[in-house]
Novice: 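I'd like to ask some things about the structure below.
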Amino acid sequence: MTTTTDSLSHLNPHQRRAVEHFCGPLLVVAGAGSGKTRALTYRIANLITEHKVNPENILAVTFTNKAAREMKERIQKLFAEQMALSEYGERYDLLPEYDQVKLRSKVYKLVIKDLWCGTFHSLLSRILRFDIEKYQDENGRAWKKNFSIFDESDAQSLVKEIVTKQLNLSDKKFNPRSVRYTISNAKNQGLSPKDYEKEEPNYKGRVIAEVYNCYQDRLAANNALDFDDLILVPVRLFQQNEQVLGYWHNKFRHILVDEYQDTNRTQYQLISLLATYGEQKSHWKWQNRSVFVVGDADQSIYSFRMADFTILLDFQQDFGDGLDDDDTRSMVKLEENYRSCENILQAANHLIENNTQRIDKVLKATRGEGEQIFYFKADDEVAEANFVINKIRSLEKENPDINWGNFSILYRTNAQSRPFEDMLVRNGIPYTVVGGLKFYDRKEIKDVLGYLRAIANPADTVSLLRVINTPRRGIGKATIENLTNAAQELGVSLWEILSDETSVNTLGGRSAKSVNNFAKMIGRLQQEVENLPASEILQTVLDESGYVQDLHKQGNDEAEDRIRNVGELYNAVRQYEEEAEQDASLAGFLASTALSSDLDNVKEGQSAVSLMTLHSSKGLEFPVVFLVGLEQGLFPNYRSMNDPASLEEERRLCYVGITRAQERLFLSHARERRLYGTREPAVRSQFLDELPRELLATQYPRSVTYTNTGGRTSASYNNGFESTSSSKPTANVNWQVGDKVMHKSFGAGEITHIFGGGNKVSVAIKFPGLGQKIIDPRVAQLQKME
DNA sequence: CCATCCTGAATTTTT
DNA sequence: TTCAGGATGG
Ligand SMILES: Nc1ncnc2c1ncn2[C@@H]1O[C@H](COP(=O)(O)OP(=O)(O)OP(=O)(O)O)[C@@H](O)[C@H]1O
């Protein structure tokens, strides 16, 4: 028995059909947790072993870099397991560590290295490093292969500058953020500035088209692309250059796309071009070629970024045989859920049925009923956090085989993480927040990357301006303006002025010397970019720019932090060089930083509670999930409540959240929430009412935790649907030294002393991280923990 | 040229 | 509440 058939035993018959699919189009549709991603992963392995497909002919698109990494690891493991049997006649996990490593690295060289597996953005940036110089846009703009990738804040600053400085418009009327958003949407629909103007033939439309046009000019002048270009440029390039398309069409014989419901029109076009060579359907050739997509329309949650789940619904017509479900050979449905306990699954299924824009699906449970879903109503966001962290503590304590990494807290907006973080810190529980401020978005990191970008891509004026006087070198606004103006007058890049000593001497005034020194440093490194490894370039930048020195001089905690972060960046470069699958160049590293998301830092198996938005949680799973902030206006978000389609997307988001849970699900909301510093009353989310009541518990069926001897449980655990009176002092309890207690604002602690007796008791409690406090249990709300 | 204080806007979601 | 960007004064 070969291992392929062995691994097929990890699949149900429908999955197996998907996995064994060889040529032609195939759509796998199924609800959450039905093993779509697993099917896709196994199919890659199966193509290679059973059908002898060369890994370099496979293109696998995932939604996040993390998903790509995990998929590659999974495939690596599958092959290592297979080779362990064939070469050692032994199960992989029984081999000594040394042989495991040897096998893994062998598999890496043989299979993984050549596999093109990543997000649309990272895969296409790789393609562009090869071929972008063959591209020209409709205005003759062109790019070189050392292009920079501008992140969202670069893009927004550019738009702002164009609106206010170049076109002298009011940024009140043309808010740079929303203009940038509009441009981004246009690009994601494949519209050029001219196309956009045709679509919006009014004043505003004309202005935005004008900004868009200038924006593209500026990008090109900087030899830079934004995120949207990474998709759009390849599509245009493929459309205008048959040879280039031919090369990639020929290379990628088998294309696989995960989370297909969240692709947009340009991404779809790209897949379509690669798979069909842009030919009419009647000319398509499927010999040794396939398109395999998996998705779930009910989990489409990225329409704000122009994702369009009708692309998934249309797959059968676009690529498939278009036959109905009973006769089709180009679609497989998976109907068993392997992730969640039945209660959780039922709640999710019930909720999503409230959507009208959907096709009904079957999703059956394979796991037991599980515990009831627990619903909690808190007084405010602090009490909500308190509830969640208490629960986490007690579950962790009760179950020896549960660790912090099994918990996740999911919310609608990043801003909600704060109270949970505070409470986790207080309790000394390790946690990771995904999203919010990304590592590569920190000021010090962006500064240092600014140097690297200016070195890799001299045309990158944005980066040059960022670092020319960071740290301060006495190059002021006036000087910079002089230099920039000169560049503009001459129609050359800023760098061409900077790098010419004479020009700088003429224009630079008193700071000419500083400018020349700066330019020499950058120039020297530009010469070395081809010869030196990226880490060495970074090291030189750090030594010569004075950046770290300047931080040392500041000497405060914040500066210390920054220095450490810069050190982290150095490690990241080193790691990149070591793993350097493909493109070990500085430009390659810079691309990876621009495209990295915060999720990528969350390593499997690290024992820390995860906090993230519902959007970030897509595709993940956790034994215990807390879905928090279920309030009207927050979730569903008020910006989505007036439009039925948007409301349905919010509901899908809720569906995604619920279906992340494997064993336990806790839902919570607050009656009052701080917003911009003021307290606002909050109403429970309609989504709570859309769940089947009988599945929700508001108090524990088996009284495990939190029961006071005095009978009544703490106020918040009463009939949760009624309003609760929760500021009730603690009931009469016999306190003892050593008791573990929970305080409303200080969190968990342990009693170290008892003072007085009878009615006049006060207790000393030691709170981790807060020290010892003396508290009157009749005033404070104190709960005894089992 | 640079540090500090003050004002007003911001929170939907992200590759 | 937090933070970026502008005004102000050294
Ligand atoms: N045939 C199977 N037998 C047992 N467990 C399975 C099987 N297929 C998948 N699983 C498990 O079920 C869980 C969900 O699988 P997977 O992530 O592939 O589902 P999915 O459909 O991609 O989910 P989502 O829609 O949420 O992205 C995983 O833990 C996976 O290991």
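Side-chain atoms are counted along with the backbone in the values below, which use heavy atoms only and exclude waters and symmetry mates. So you know, we letter chains A, B, ... as the sequences are listed, proteins then strands, and number each from 1.
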Novice: Where the side chain of His615(A) is concerned, which of dC2(B), dT11(B), dT14(B) is the nearest nucleotide?
Specialist: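 Between dC2(B), dT11(B), dT14(B), the one nearest the side chain of His615(A) would be dT14(B).
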Novice: Judged by each residue's nearest nucleotide on DNA chain B, which is more toward the 5′ side, Tyr638(A) or Thr119(A)?
Specialist: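 Final value for this comparison: Tyr638(A).
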Novice: What does Glu152(A) touch in the nucleic acid at a heavy-atom separation under 4.0 angstrom: a base, only the sugar-phosphate, or nothing?
Specialist: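 Glu152(A): base contact, heavy atoms under 4.0 Å.
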Novice: What's Tyr302(A) touching, base or sugar-phosphate or nothing? Going by heavy atoms closer than 4.0 Å.
Specialist: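 Result for Tyr302(A) = sugar-phosphate.
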Novice: Listed by chain and number, what are the ring pair (Phe, Tyr, Trp, His ring centres under 6.0 Å) partners of Phe687(A), not counting sequence neighbours?
Specialist: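 Phe687(A) satisfies ring pair (Phe, Tyr, Trp, His ring centres under 6.0 Å) with Phe635(A) once adjacent residues are dropped.
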Novice: For the P atoms, the ones on dT13(B) and on dA4(C), what distance do you get once it is rounded to whole angstrom?
Specialist: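 Rounded to whole Å, the distance is 16 Å.
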Novice: Applying ring pair (Phe, Tyr, Trp, His ring centres under 6.0 Å), can you list everything that pairs with Phe518(A), at least two apart in sequence or on another chain?
Specialist: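 Listed in chain order: nothing, the list is empty.
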Novice: Closer than 4.0 Å, any side-chain N/O of Asn414(A) to the OP1 or OP2 of dT14(B)?
Specialist: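 Yes.
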Novice: Ignoring backbone atoms, establish whether Arg412(A) has a side-chain N or O less than 4.0 Å from OP1 or OP2 of dT11(B).
Specialist: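 No.
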Novice: Among residues at least two apart in sequence or on other chains, which ones pass ring pair (Phe, Tyr, Trp, His ring centres under 6.0 Å) with Phe252(A)?
Specialist: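 Ring pair (Phe, Tyr, Trp, His ring centres under 6.0 Å) list for Phe252(A), sorted by chain: Trp116(A), Trp248(A).
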Novice: Could you measure the distance from the CG atom of Asn355(A) to the CD atom of Glu650(A)? Nearest 0.5 Å is fine.
Specialist: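 It is 11.0 Å, given to the nearest 0.5 Å.
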Novice: With nearest nucleotides of DNA chain B determined for Phe227(A) and Ser511(A) from heavy-atom distances, which residue corresponds to the more 5′ nucleotide?
Specialist: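 Going by which nucleotide is closer to the 5' end, it is Ser511(A).
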Novice: Is a side-chain donor or acceptor of Asn637(A) paired with a backbone partner of Ser640(A) at a separation under 3.5 angstrom?
Specialist: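 Here the side-chain-to-backbone pair does not exist.
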Novice: Taking only the side-chain heavy atoms of Phe304(A) (C-beta and beyond), determine which of dT15(B), dT11(B), dT13(B) contains the nearest atom.
Specialist: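 Looking only at side-chain atoms, Phe304(A) lies closest to dT13(B).
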Novice: How many whole angstroms separate atom CD of Gln156(A) from atom C1' of dG5(C)?
Specialist: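 To the nearest whole Å, that distance equals 14 Å.
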Novice: How close or far is atom C1' of dT14(B) from atom CG of Asn188(A), stated in whole angstroms?
Specialist: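 Rounded to whole Å, this separation is 11 Å.
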Novice: Return the value, rounded to whole Å, for the distance between atom CZ of Arg442(A) and atom P of dC3(C).
Specialist: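 Rounded to whole Å, this separation is 13 Å.
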Novice: Look at the side-chain N and O atoms of Ser596(A) and state whether any lies under 4.0 Å from the OP1 or OP2 oxygen of dT15(B).
Specialist: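 So the side-chain polar atoms of Ser596(A) never come under 4.0 Å of the phosphate oxygens OP1 or OP2 of dT15(B).
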Novice: Just to verify, what does Arg418(A) make a side-chain contact (heavy atoms from CB on, under 4.5 Å) with, not counting sequence neighbours?
Specialist: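 For Arg418(A) the side-chain contact (heavy atoms from CB on, under 4.5 Å) partners, ignoring immediate neighbours, are Asp422(A).
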Novice: Rounded to whole angstrom units, what separation is found between the CD atom of Glu649(A) and the P atom of dT13(B)?
Specialist: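 Rounded to the whole Å, the gap is 14 Å.
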Novice: Write down the distance between CD (Glu650(A)) and C1' (dT11(B)), rounded to a whole number of angstrom.
Specialist: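 Rounded to whole Å, this separation is 13 Å.
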Novice: Check whether the side chains of Thr613(A) and Asn414(A) place a donor and an acceptor atom closer than 3.5 Å, and report yes or no.
Specialist: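 On atom types as modelled, these side chains do not qualify, holding no pair under 3.5 Å.
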Novice: Whole angstroms only, please: what is the CZ-C1' distance between Phe150(A) and dT14(B)?
Specialist: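 Nearest whole value for this atom pair: 19 Å.
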Novice: If you look at every strand shown and take non-hydrogen atoms under 4.0 Å, does Phe635(A) touch a base, only sugar-phosphate, or nothing?
Specialist: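 No contact.
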Novice: Would you mind reading off the distance between Lys477(A) atom NZ and dG6(C) atom C1', rounded to a whole angstrom?
Specialist: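 Result: 10 Å.
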Novice: Listing time: all N or O pairs from protein to nucleotides 7-10 of chain B that are below 3.5 Å?
Specialist:
none

Novice: Using a 4.0 Å heavy-atom cut-off across all strands, classify Ala594(A) as base, sugar-phosphate, or nothing.
Specialist: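 Nothing, no nucleic acid heavy atom in range.
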Novice: Are Ser616(A) and dT14(B) close enough that a side-chain N or O sits under 4.0 Å from OP1 or OP2?
Specialist: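 For Ser616(A), the contact criterion (side-chain N or O under 4.0 Å from OP1 or OP2 of dT14(B)) is met.
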Novice: Find the distance Lys443(A):NZ to dG5(C):C1' and express it as a whole number of Å.
Specialist: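 So the two atoms are 14 Å apart, to the nearest Å.
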Novice: With Tyr181(A), which residues qualify under ring pair (Phe, Tyr, Trp, His ring centres under 6.0 Å), at least two apart?
Specialist: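 Scan of Tyr181(A) (ring pair (Phe, Tyr, Trp, His ring centres under 6.0 Å), adjacent residues dropped) gives none.
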Novice: Classify Asp441(A) by what it touches in the nucleic acid, base, sugar-phosphate, or nothing, heavy-atom distance under 4.0 Å.
Specialist: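 Nothing, no heavy atom under 4.0 Å.
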